[in-house]
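Have a look at the structure below, then the notes.
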Amino acid sequence: MRDLNAFVDLYSRVLGFEIADDRRESAAPCASVVRRSVRLGAVPAWEPVDPSTRYVPSGVEIVIEVEDVSAEFEHVQATGWPLVEGLQARAWGLTDFRLLDPDGYFLRITSAAP
């Protein structure tokens, strides 16, 4: 993770996770967030990562199921966080929208399966 503050900002302010552990100012910085049964943790990258040689979304997708995907979409839009794709009904019967986290991880916020 290049920036723990950006990680905490996206997952707490934009996506509604609660901060579960915040040790950003410690000698061994880390942070974790939780939302229902989803828990994500982050530590700083040990070495600088050149984004031109390592584009994270080319193989990682984090899917977060929510009860009201339209309300989640409106909230994320109101924060100004950039979207990769807006709210769309998918051929497989779910509705979702997509964005990237500060390190380029691909997030799909989706309605729960029926």
**OP:** May I have the step-by-step check of salt bridge (Lys or Arg N to Asp or Glu O under 4.0 Å) for E67 and R36, ending in yes or no?
**Re:** CA-CA 11 Å; E67 290 182 27; R36 288 188 259 169; 3.7 Å; yes
Original post:
With S70, which residues qualify under side-chain contact (heavy atoms from CB on, under 4.5 Å), at least two apart?
Top reply: D68, L87
Original post:
Of V76, V66, I62, T95, which is the lone residue that meets side-chain contact (heavy atoms from CB on, under 4.5 Å) with I109?
Top reply: V66
Original post:
How close do V8 and A31 get, heavy atom to heavy atom, and via which atoms?
Top reply: CG2-CB, 3.7 Å
Subject >> Straight-line distance of I64 CD1 to E61 CD, nearest 0.5 Å >> reply: 10.5 Å
Original post:
Do any N or O atoms from the side chain of D103 and from the backbone of Y105 form a donor-acceptor pair under 3.5 angstrom?
Top reply: no
Original post:
Would L83 and R98 count as a side chain to side chain contact (heavy atoms under 4.5 Å, CB included) if you check the C-alpha gap in whole Å, the side-chain angles of each, and the deciding distance to 0.1 Å?
Top reply: CA-CA 6 Å; L83 298 173; R98 295 143 188 235; over 6 Å; no
Original post:
Is there any ring pair (Phe, Tyr, Trp, His ring centres under 6.0 Å) pair reaching into residues 1-22, and which pairs are they, with sequence neighbours excluded?
Top reply: F7-Y11, Y11-F17
**OP:** Apply side chain to side chain donor-acceptor pair (under 3.5 Å) to D9 and list each qualifying residue two or more places apart in sequence or on a separate chain.
**Re:** R13
Original post:
Does one hydrophobic cluster hold both M1 and V38, with members joined at side-chain heavy-atom distances below 4.5 Å?
Top reply: yes
Original post:
What heavy-atom pair brings R108 and D96 nearest, and what distance separates the two atoms?
Top reply: CD-OD2, 3.0 Å
Original post:
Apart from V43 itself, what residues make up its hydrophobic cluster when side-chain heavy atoms of I, L, V, M, F, W and Y under 4.5 Å apart count as a link, directly or indirectly?
Top reply: none
Original post:
Closest approach of P44 and P29, non-hydrogen atoms and distance?
Top reply: CD-O, 3.2 Å
Original post:
At what distance, to the nearest 0.5 angstrom, does OG1 of T79 lie from CG of L10?
Top reply: 8.0 Å
Subject >> Partner residues of E18 under the side chain to side chain donor-acceptor pair (under 3.5 Å) criterion, sequence neighbours left out >> reply: none
Original post:
Is there a side chain to side chain contact (heavy atoms under 4.5 Å, CB included) between L107 and L100 once you walk through the steps?
Top reply: CA-CA 6 Å; L107 303 175; L100 298 176; over 6 Å; no
Original post:
Quick one: side-chain contact (heavy atoms from CB on, under 4.5 Å) partners of E74, sequence neighbours excluded?
Top reply: none
Subject >> Those residues that, when tested against S32, pass side-chain contact (heavy atoms from CB on, under 4.5 Å) (two or more places apart) >> reply: A20, D21, R39
**OP:** Give a yes or no on whether the backbone of C30 and the side-chain of R24 come within a donor-acceptor separation of less than 3.5 Å.
**Re:** no
**OP:** Answer yes if V34 and L15 sit in the same cluster of Ile, Leu, Val, Met, Phe, Trp and Tyr residues linked by side chain heavy atoms under 4.5 Å apart, and no otherwise.
**Re:** no
**OP:** Search all heavy atoms of S12 against all heavy atoms of I19 and return the closest pair with its distance.
**Re:** CB-CG1, 4.2 Å
Original post:
Can you pull the ring pair (Phe, Tyr, Trp, His ring centres under 6.0 Å) pairs that have at least one residue in residues 67-100, sequence neighbours excluded?
Top reply: F73-F97
Original post:
Considering residues at least two apart in sequence or located in another chain, which fulfil the side chain to side chain donor-acceptor pair (under 3.5 Å) criterion with E85?
Top reply: R90
